[in-house]
2 protein chains.
Amino acid sequence: MDGEPRWLDAREQHAWRGYLAMQAQLQATLHRRLQADAGLSLADFDVLVALSDRADEPVRAGELAGLLQWEKSRLSHHLARMERRGLVAREDCPDDARGAFVVLTDAGRRAQEAAAPAHVAAVRELVFDGLAPEQVDALISVSDEVRARIAGR
Amino acid sequence: MDGEPRWLDAREQHAWRGYLAMQAQLQATLHRRLQADAGLSLADFDVLVALSDRADEPVRAGELAGLLQWEKSRLSHHLARMERRGLVAREDCPDDARGAFVVLTDAGRRAQEAAAPAHVAAVRELVFDGLAPEQVDALISVSDEVRARIAGR
DNA sequence: CCGGAATAGTTGACGTGTCATCCAGTGTTC
DNA sequence: GAACACTGGATGACACGTCAACTATTCCGG
């Protein structure tokens with residue numbers, strides 16, 4: 001079927017290793033800073049942002065999973081932990097008795113608002129302040145292309 | 001200290017969200033395929049590749065951690081799991097009695113050789129086959145810049 | 001040589017993510 | 001309306017990663 005595997009050439013290997021290193025270090029750094037500044041994980045922050053984008057309307061768990069592109073089970077576990085810490089609450093859903101609404105608590109809203117400025121500043125500092133506009137464009141086009149290839153097949 | 005936080009502009013937000021989505025989906029897809037094809041996690045694969053790059057010379061655990069850019073404790077836990085599955089073995093280090101050598105077992109070598117072609121093919125298919133040479137260059141320059149900013153501060 | 005600092009690696013506790021499974025409520029079909 | 005599959009979500013088991021504490025050795029100054 002594939003005879004000889006086609007390995008990556010030198011430039012591709014360089015790009016791939018560089019990308020892997022960047023992504024690991026960037027994620028770890030942003031995570032550590034957010035944790036240190038605000039006591040939140042990146043995942044916590046994503047959930048809080050998604051919920052506060054919806055003002056205060058309760059959001060269905062499944063819909064939230066879709067927004068975050070998370071598996072339902074991941075979200076369920078994560079919400080259980082966040083609920084234990086008082087950041088979110090689950091409410092019964094009148095329309096569909098097997099569904100659940102998720103809402104931000106006051107503590108959750110405060111945590112998100114407190115965390116956001118430093119987090120954005122870190123993203124700026126580590127990424128965008130160092131990139132020329134063409135590099136930002138390239139990042140967009142690469143992301144779009146790769147995502148299209150992942151989705152389409 | 002920072003008065004008004006400087007938010008990301010529309011283009012930057014687009015780039016950032018796209019990057020985050022790409023990286024999450026790419027990692028998940030590569031992980032799932034490697035797991036399905038070869039029963040290995042990405043982390044397993046990285047360890048096996050690092051060890052097989054060193055032919056069969058035993059590698060000190062600490063050095064391996066450095067090569068992989070992993071914390072020592074992560075490596076220790078991961079090696080314990082891989083050792084349980086028979087992919088690697090730990091040996092005593094004669095020079096330094098508190099050190100440990102890590103070696104690939106035959107099963108480990110076979111697993112790595114069996115996994116590599118499909119994994120490279122997946123990276124090609126999802127990433128490099130879709131990118132023009134300038135995009136690969138841009139990926140390199142972005143990775144270098146971001147890593148420099150993470151390191152230097 | 002002795003005692004304390006540094007180093008190599010392990011361990012335990014805990015948060016996180018995945019997969020498979022389960023359960024309850026819903027919808028559909030006859 | 002009873003049997004059926006379907007859907008929303010929770011749960012348990014387990015792999016993974018991090019942090020802090022720990023153990024055993026080595027190193028170094030006196």
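In what follows, chains are A, B, ... by sequence order, proteins preceding strands, each numbered from 1.
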Go through [options] for me and flag the one nearest to the [X] side chain.
{"X": "B:R81", "options": "D:dA15, D:dA10, C:dT7", "value": "D:dA15"}
{"X": "B:R98", "options": "C:dT18, C:dA8, C:dG25", "value": "C:dA8"}
{"X": "B:A97", "options": "C:dT16, D:dC16, D:dT26", "value": "D:dT26"}
{"X": "A:S73", "options": "D:dG12, D:dC16, D:dA20", "value": "D:dG12"}
{"X": "B:A100", "options": "C:dG9, D:dA10, D:dG9", "value": "C:dG9"}
{"X": "A:A43", "options": "D:dT18, D:dA10, C:dG17", "value": "C:dG17"}

- Message: Check this for me: B:R85, atom CZ, are more than 12 non-hydrogen atoms of other residues, nucleotides or ligands nearer than 6.0 Å?
- Response: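 More than 12 heavy atoms, drawn from other residues, nucleotides or ligands, come within 6.0 Å of this atom.
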What is the distance, to the nearest angstrom, from the [atom1] atom on [X] to the [atom2] atom on [N]?
{"X": "A:E83", "N": "C:dT16", "atom1": "CD", "atom2": "P", "result": "14 Å"}
{"X": "A:R32", "N": "C:dT16", "atom1": "CZ", "atom2": "P", "result": "16 Å"}
{"X": "A:L64", "N": "D:dG8", "atom1": "CG", "atom2": "C1'", "result": "13 Å"}
{"X": "A:E63", "N": "D:dT7", "atom1": "CD", "atom2": "P", "result": "17 Å"}
{"X": "B:D95", "N": "D:dC27", "atom1": "CG", "atom2": "C1'", "result": "16 Å"}
{"X": "B:L79", "N": "D:dG17", "atom1": "CG", "atom2": "P", "result": "12 Å"}
{"X": "A:R74", "N": "D:dG9", "atom1": "CZ", "atom2": "P", "result": "17 Å"}
{"X": "A:L75", "N": "D:dA10", "atom1": "CG", "atom2": "P", "result": "8 Å"}

side-chain N/O [X] vs [N] OP1/OP2, d < 4.0 Å:
{"X": "A:R60", "N": "D:dG9", "answer": "yes"}
{"X": "A:R90", "N": "D:dA10", "answer": "yes"}
{"X": "B:H77", "N": "D:dT18", "answer": "no"}

- Task: Before accepting this row, confirm whether a basic side-chain N of the pair B:D129/A:R6 lies closer than 4.0 Å to the acidic partner's carboxylate O.
- Result: yes
- Item | Closest non-hydrogen atom pair, B:T105 against B:L87 |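 In terms of heavy atoms, the two residues are closest at OG1-O, 3.0 Å.
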- When every non-hydrogen atom of A:E12 is compared with those of A:D9, the smallest separation belongs to N-OD1, 2.8 Å
- Between B:D44 and A:K72, name the one whose nearest nucleotide on DNA chain D is closer to the 5' end. A:K72
- Message: Judged by each residue's nearest nucleotide on DNA chain D, which is more toward the 5′ side, A:S76 or B:E71?
- Response: A:S76
- Item | Side-chain heavy atoms of B:Q23 within contact of A:Y19, under 4.5 Å | yes
